[in-house]
Amino acid sequence: MDSQYSNENNVTIMDEETSPPVSPISQSLYSSILPLIIFTVFELETPITEFEVVELFQQMLPLNIRLCSIMEKNKKGVLRWKKVVTKVEDHLIVPTFPLGLARESYDEYLREYLSKIGCVKLADDKPLWELHLVKYPSSNGMCSLIFKASHAIGDGYSLVSLFSKLFKRADDPSLPLTFPQMSLKKQGDGKRTVISIAKKMLGFMGKCVNTTYDFMESLLRATFLEDRSSAIRSDAWTNNTKIELFRPFNIYSVTLSLERVKQVKTKLGATVNDVITGQLSYIIHLYTLRKTAMDHVGEVGSIDGGINTNMTIVVMFNMRVFEGFTNIEDMIKEDTWGNRSRGMFAKLPIFTNLENVSPVDFIIKAKETMDRKKNSMVFGLIDKALNAALWIKGQKGMDKLIYSSFKNASTSITSVIGPKEKTAICNHPVNSVYFFVSGAPQSLMFTSVSCMEQLKLVVQMEKGFIDSKLFGSCMEEAFDNIFRAAFEDNQDQDNK
């Protein structure tokens with residue numbers, strides 16, 4: 001008997017022997033304790049129809065077997081991607097909102113709808129993705145197209161690869177989309193002198209020290225070392241009782257000019273990721289101080305002692321840059337699907353005295369931390385630790401290790417790089433694109449996407465715990481404060 005056959009709809013079905021196995025990482029990201037879901041939101045300049053969406057995404061199905069497969073165990077108990085008949089129409093959902101409202105009202109409806117579908121697991125009996133077409137205007141477009149997919153299918157760069165094959169350039173569809181460079185490797189001058197060799201030896205020794213420290217920190221964080229409760233971390237995560245992962249949340253975003261971000265980056269000798277990490281540290285700093293002050297209204301004395309300065313962030317890194325890929329075009333050509341992102345722990349700089357700290361201090365501190373973390377070989381060791389957990393404690397051991405890595409930290413940040421040019425979906429220009437992740441054991445999570453010369457920073461806040469209006473106001477003013485401080489400080493020095 002052939003290992004494959006075709007059904008009446010010409011959809012190839014694989015049997016259990018030829019269906020690819022589900023990787024341990026993908027199993028962890030669809031487990032009962034960590035069912036992560038990625039949401040990508042496209043706000044379009046002109047309305048798009050259901051027919052256009054179905055026609056476009058029908059082209060998506062052949063791009064990877066995971067898009068038209070379900071997880072199913074074979075006779076040997078091995079979990080595999082079993083290919084099934086897949087129709088886009090079965091995955092398309094079109095919600096109904098009240099008619100005749102202002103765009104600002106539809107913005108709120110969209111946020112509430114994202115929270116609603118963000119708290120619902122994907123069905124097990126069909127491929128792990130959905131399309132939601134919101135046919136109402138928002139502040140950034142005439143309609144919104146939402147792609148909801150299990151993290152088990154792939155990480156953010158898997159989805160970038162997918163969308164880059166489906167979408168076209170708005171200015172000229174015949175031209176390919178282009179992406180910024182993304183390598184973390186520093187370029188040397190290539191000269192081999194006694195001094196340069198000595199520096200390399202010292203650098204290697206420093207890298208070994210950093211690797212040892214980072215590896216031990218990662219092991220402790222993934223087991224029992226956890227942050228205390230704070231203004232951004234609910235005490236619900238600090239106990240061992242089982243709590244609901246899909247908790248209602250608020251979504252808020254700010255859009256920054258990528259050119260202005262690059263100006264700050266150049267001025268401070270940092271990277272875009274340094275600026276992003278420093279900015280969100282500054283946002284948390286502002287929010288923590290103001291929320292603590294609000295909670296202590298009427299009390300006599302300083303509130304500094306009531307602020308928790310022990311906060312940790314999980315910074316997700318794309319491991320493909322450590323595998324030699326310098327741009328996303330190479331990743332797309334090599335078809336590097338899967339989950340190749342790993343988390344790195346970093347302390348958030350929190351200062352209790354607002355008057356004696358400059359906003360740029362957060363960027364400088366983030367740069368120092370990131371530079372040290374990059375000068376480490378810990379990422380390869382993290383994979384070895386995960387494999388060891390899998391070998392010693394089985395799949396549930398790996399699930400718990402990854403879950404604890406998020407639960408024990410205060411927050412997390414995931415960043416993705418998109419195309420430079422304005423994109424279009426079925427000739428409908430995209431005004432804005434952003435993403436977020438639900439199902440993680442944290443009260444506060446950040447995502448950012450650099451796309452179409454814009455930087456979109458999104459925050460996901462647990463309802464009933466994070467004051468979303470206060471946090472949103474902190475986000476709105478943070479980058480302007482950083483930009484002004486970076487260049488006004490320079491002008492003050494020039495005037496002296």
Side-chain angles (χ1 to χ4, degrees), residues 9 11 35 37-63 66-70 84-151 153 159 162-163 165-168 170 246 248-253 423-439 449 456 458 460:
N9 292 318
V11 179
I37 302 175
I38 304 176
F39 293 80
T40 311
V41 183
F42 302 93
E43 296 177 296
L44 307 183
E45 204 171 276
T46 55
I48 191 172
T49 66
E50 293 98 320
F51 177 79
E52 289 175 302
V53 172
V54 170
E55 285 291 301
L56 176 67
F57 280 87
Q58 197 66 43
Q59 303 170 29
M60 173 187 76
L61 301 182
L63 297 179
R66 305 178 188 201
L67 299 170
C68 48
S69 300
I70 61 173
V84 296
V85 178
T86 306
K87 295 181 179 180
V88 176
E89 297 96 320
D90 297 336
H91 295 256
L92 180 60
I93 300 169
V94 183
T96 301
F97 296 165
L99 298 175
L101 302 180
R103 290 194 177 213
E104 292 76 13
S105 298
Y106 283 123
D107 286 341
E108 186 59 33
Y109 269 97
L110 177 60
R111 284 192 287 267
E112 287 297 320
Y113 184 71
L114 290 172
S115 178
K116 176 183 175 182
I117 63 175
C119 295
V120 179
K121 281 194 67 175
L122 290 156
D124 296 322
D125 59 351
K126 61 182 180 180
L128 303 174
W129 58 271
E130 294 174 352
L131 284 167
H132 296 255
L133 178 58
V134 179
K135 301 172 70 174
Y136 301 90
S138 66
S139 296
N140 292 316
M142 292 301 296
C143 67
S144 300
L145 182 62
I146 305 160
F147 185 75
K148 174 182 178 180
S150 169
H151 213 313
I153 290 179
L159 298 184
L162 170 67
F163 298 140
K165 294 176 181 178
L166 292 179
F167 305 159
K168 304 295 182 182
F246 290 112
F249 55 84
N250 288 309
I251 289 285
Y252 194 86
S253 66
T423 59
I425 302 176
C426 297
N427 297 319
H428 299 280
V430 177
N431 270 347
S432 173
V433 58
Y434 60 93
F435 77 101
F436 62 93
V437 180
S438 72
V449 55
K456 193 90 168 184
V458 180
Q460 183 180 343

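FYI, the numbering just counts along the sequence from 1.
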(request) Could I get the full list of side chain to side chain contact (heavy atoms under 4.5 Å, CB included) partners for Val94, not counting sequence neighbours? (result) Glu50, Leu92, Leu133, Lys135
(request) Could I get the full list of side chain to side chain donor-acceptor pair (under 3.5 Å) partners for Ser138, not counting sequence neighbours? (result) Glu43
(message) Just checking Asn427: does its CG atom have more than 12 heavy atoms from other residues, nucleotides or ligands closer to it than 6.0 angstrom?
(response) no
(request) Sequence neighbours left out, what passes ring pair (Phe, Tyr, Trp, His ring centres under 6.0 Å) with Phe163? Give chain and number order. (result) Phe42, Phe147, Phe167
(message) Which residues pass the ring pair (Phe, Tyr, Trp, His ring centres under 6.0 Å) test with Phe246, not counting sequence neighbours?
(response) none
(request) Using the test ring pair (Phe, Tyr, Trp, His ring centres under 6.0 Å), find all partners of Tyr434 that sit at least two apart in sequence or belong to another chain. (result) none
(request) Tell me, please, which residues at least two apart from Lys126 pass salt bridge (charged side-chain N to carboxylate O under 4.0 Å, His left out). (result) none
(request) Look only at the side chain of Trp129 and the backbone of Ser150, and say whether a donor-acceptor pair between them is shorter than 3.5 Å. (result) no
(request) Using the test side chain to side chain contact (heavy atoms under 4.5 Å, CB included), find all partners of Asn431 that sit at least two apart in sequence or belong to another chain. (result) Glu45, Lys422
(request) Kindly state whether the ring of Tyr113 and the ring of His132 have centres lying under 6.0 angstrom apart. (result) yes
(message) Give me each pair satisfying salt bridge (charged side-chain N to carboxylate O under 4.0 Å, His left out) with a member in residues 102-112, each pair once, sequence neighbours excluded.
(response) Glu108-Arg111, Glu112-Lys463
(request) Report the residues that fulfil side chain to side chain contact (heavy atoms under 4.5 Å, CB included) with Pro47, sequence neighbours left out, ordered by chain and then residue number. (result) Met142
(message) Given 3.5 Å as the limit, does a donor-acceptor pair link the side chain of Glu55 with the main chain of Glu52, or not?
(response) no
(request) Applying side chain to side chain donor-acceptor pair (under 3.5 Å), name anything that partners Asp125, two or more places apart in sequence or on another chain. (result) none
(request) Report, as yes or no, whether the 6.0 Å neighbourhood of atom NZ on Lys121 holds more than 12 heavy atoms from other residues, nucleotides or ligands. (result) yes
(request) Output all residues satisfying ring pair (Phe, Tyr, Trp, His ring centres under 6.0 Å) with His428, sequence neighbours left out; order by chain, then residue number. (result) none
(request) Report the residues that fulfil side chain to side chain contact (heavy atoms under 4.5 Å, CB included) with Leu101, sequence neighbours left out, ordered by chain and then residue number. (result) Pro98, Ser105, Tyr106, Tyr109
